[in-house]
Protein chains: 2
Amino acid sequence: MLPAMLKSITSADATRRRGRDTREEILSCAEALWQGRGYNGFSYHHIAIQLGIRNAAIHYHFPSKENLGVALIQRYRARFAEWFVEVRKIELAWQRLHRYFDLYLDYLNAECRVCPSGILGAEFQAIPEEMRAEAKLLMGEIYDWLIETLNLGRQQGSLKFIGNAEDKAVEIGASLQGGLQIARVAGAERLHQLLAQMSLELFGENAAAVAQAA
Amino acid sequence: MLPAMLKSITSADATRRRGRDTREEILSCAEALWQGRGYNGFSYHHIAIQLGIRNAAIHYHFPSKENLGVALIQRYRARFAEWFVEVRKIELAWQRLHRYFDLYLDYLNAECRVCPSGILGAEFQAIPEEMRAEAKLLMGEIYDWLIETLNLGRQQGSLKFIGNAEDKAVEIGASLQGGLQIARVAGAERLHQLLAQMSLELFGENAAAVAQAA
DNA sequence: GTCTATATCCGGATAGAC
DNA sequence: GTCTATCCGGATATAGAC
């Protein structure tokens with residue numbers, strides 16, 4: 001599922017683009033820029049250069065930048081929904097959560113991106129209203145999934161934690177989000193430290209298996 | 001120490017500004033904008049309006065925006081250094097850490113700002129080189145203080161955690177940073193949930209005292 | 001659906017008067 | 001130390017040809 005969660009545009013060949021899905025390419029390119037530099041840190045020009053098209057071509061697909069921003073979050077939410085379906089096929093909650101950890105390693109490895117939730121939180125007061133609404137929906141969906149996973153894990157005995165699942169869900173989501181941001185400044189090692197600590201606390205006897213895999 | 005850590009400009013009266021320290025006012029105003037909207041989310045014009053001065057006056061004090069950005073982080077680091085000195089006078093490590101938690105509540109209450117570390121991490125690829133260097137220093141200082149505090153707490157028995165202090169320090173820093181960002185999108189309650197969970201895990205028998213204070 | 005060309009605005013920055 | 005005036009580049013966006 002990872003390739004689906006992290007589809008970036010790989011050196012778009014500017015030469016032949018015979019009527020192909022430019023819209024998707026724009027979104028993928030914009031997504032990378034967005035997670036790398038923030039919504040206020042990239043422009044249509046950046047995208048145009050990378051895809052070898054003109055400014056106006058992007059405006060054809062996304063009349064305003066707000067349209068593009070909203071589309072970015074909506075596509076991401078849709079992909080996340082598919083990811084949830086996929087991961088729910090895994091029986092053990094600790095393994096589901098481990099899959100979630102993997103996403104953050106992928107972000108780190110993919111040009112040191114931050115997670116969409118993180119960039120949305122950081123720039124919240126500086127993004128258009130419609131994007132804020134989408135941001136709330138995204139965070140709600142992740143929150144719900146974390147709660148579900150934690151409750152399952154407690155029931156199975158595959159996840160260890162004290163307190164209620166709701167509060168623990170916030171802690172886990174916040175840690176990963178913050179850890180990824182710290183890692184891009186202070187070095188990749190920080191994220192590895194975070195994941196090691198979280199595994200130690202949450203996975204109990206399974207933590208050793210995780211450690212050797214990494 | 002909180003007033004020192006969070007000095008914002010309160011409705012600068014544009015009328016009489018008889019030779020007063022404009023430089024500091026600019027920094028305080030810019031700091032609020034920075035933590036609210038990000039480095040790429042505010043302009044000299046925003047500051048000029050709020051302080052009732054002209055664009056050029058800001059350029060007199062800070063020739064380039066990069067100068068201003070660097071000064072913001074340096075001033076913040078200096079204030080943090082003072083804060084560290086102050087907090088080290090507290091004997092119990094769990095109370096020191098609790099003071100650190102309080103900072104995040106203050107940020108949330110102050111127009112829903114995010115912490116400097118968080119905005120720096122999120123925008124890292126879209127800020128000038130000199131600011132990145134300052135960002136690394138800031139994060140290193142916080143990281144070191146957290147490790148010191150955790151080691152003290154373990155020695156005293158006033159903080160509970162498993163694993164090594166270095167990894168736990170990353171986890172704590174990341175949680176708070178991420179939690180604040182989540183709270184501004186999903187509501188203040190999220191930060192309260194996070195702090196409750198962290199108190200429960202770290203403070204042990206002292207957690208109850210914290211809970212009733214909140 | 002993509003192009004060229006252009007309009008408009010905004011943000012960072014400088015010159016020179018006071 | 002702050003002002004007015006202005007320059008320049010960049011970013012969003014539109015018009016109309018192909």
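All chains are named by letter (A, B, ...) in the order of the sequence lines, taking the proteins before the strands, and each is independently numbered beginning at 1. Note that the structure is predicted; figures quoted are calculated from it, not measured.
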message: Counting the atoms with a prime plus P, OP1 and OP2 as sugar-phosphate, which does B:Y60 contact under 4.0 Å by heavy atoms, base, sugar-phosphate, or nothing?
response: base
query: In whole angstrom, what separates B:K65's NZ from C:dG11's P?
result: 9 Å
task: Could you check how far OH of A:Y44 sits from P of C:dA7, rounded to whole Å?
output: 21 Å
- request: Check every atom of D:dT4, D:dA11, C:dT2 against the side chain of A:S43 and return the nucleotide holding the closest atom.
  value: D:dA11
- request: Could you state the atom-to-atom distance from CD1 of A:I49 to P of D:dA11 in whole Å?
  value: 10 Å
- prompt: What nucleotide among C:dG11, D:dA11, C:dC3 has an atom nearest to a side-chain atom of A:H45?
  reply: D:dA11
message: Regarding B:R79 and B:E31, does a basic nitrogen lie under 4.0 Å from an acidic carboxylate oxygen?
response: yes
query: Nearest of C:dA15, C:dA13, C:dC3 to any side-chain atom of A:A56?
result: C:dC3
query: In whole Å, what is the span from the CG atom of B:L51 to the C1' atom of D:dG1?
result: 14 Å
message: Can you identify which nucleotide, out of C:dC3, D:dA13, D:dC3, has its nearest atom closest to the B:I53 side chain?
response: D:dC3
task: Can you tell me the distance, in whole Å, between the CD1 atom of B:I47 and the C1' atom of D:dT2?
output: 16 Å
- request: Between C:dT2, D:dT4, D:dT2, spot the one nearest the side chain of B:A57, thanks.
  value: D:dT2
query: Would you say the side-chain atoms of A:E166 and B:Q193 include a donor-acceptor pair closer than 3.5 Å?
result: no
message: Is A:S64 close enough to D:dT12 that one of its side-chain N or O atoms is under 4.0 Å from OP1 or OP2 there?
response: no
message: By nearest atom, which of the nucleotides D:dA11, D:dG1, C:dG1 is closest to the A:H61 side chain?
response: C:dG1
query: Between D:dT2 atom P and B:F62 atom CZ, what is the distance in whole Å?
result: 11 Å
NZ/NE/NH1/NH2 to OD/OE distance under 4.0 Å, A:E201 and B:K168: yes
task: Measure from the side chain of B:N55, starting at C-beta and using heavy atoms only, and say which of C:dG12, C:dC3, C:dT2 lies closest.
output: C:dG12
- prompt: Is a salt bridge present between B:R88 and B:E148, judged by a nitrogen-to-oxygen distance below 4.0 Å?
  reply: yes
query: Which part of the nucleic acid, if any, lies within reach of A:F42 when heavy atoms closer than 4.0 Å are counted: base, sugar-phosphate only, or nothing?
result: sugar-phosphate
field: A:T22 side-chain N/O to C:dT2 phosphate OP1/OP2 under 4.0 Å
entry: yes
task: Check the distance between D:dG10's P and A:N40's CG and give it to me in whole angstrom.
output: 18 Å
- prompt: Looking at the side chain of B:H59, which of C:dA13, C:dC3, C:dG11 is the nearest nucleotide?
  reply: C:dA13
query: Rounded to whole angstrom units, what separation is found between the CZ atom of B:R54 and the C1' atom of D:dG1?
result: 15 Å
query: Taking everything shown except A:E189 itself, do over 12 heavy atoms lie less than 6.0 Å from its CD?
result: yes
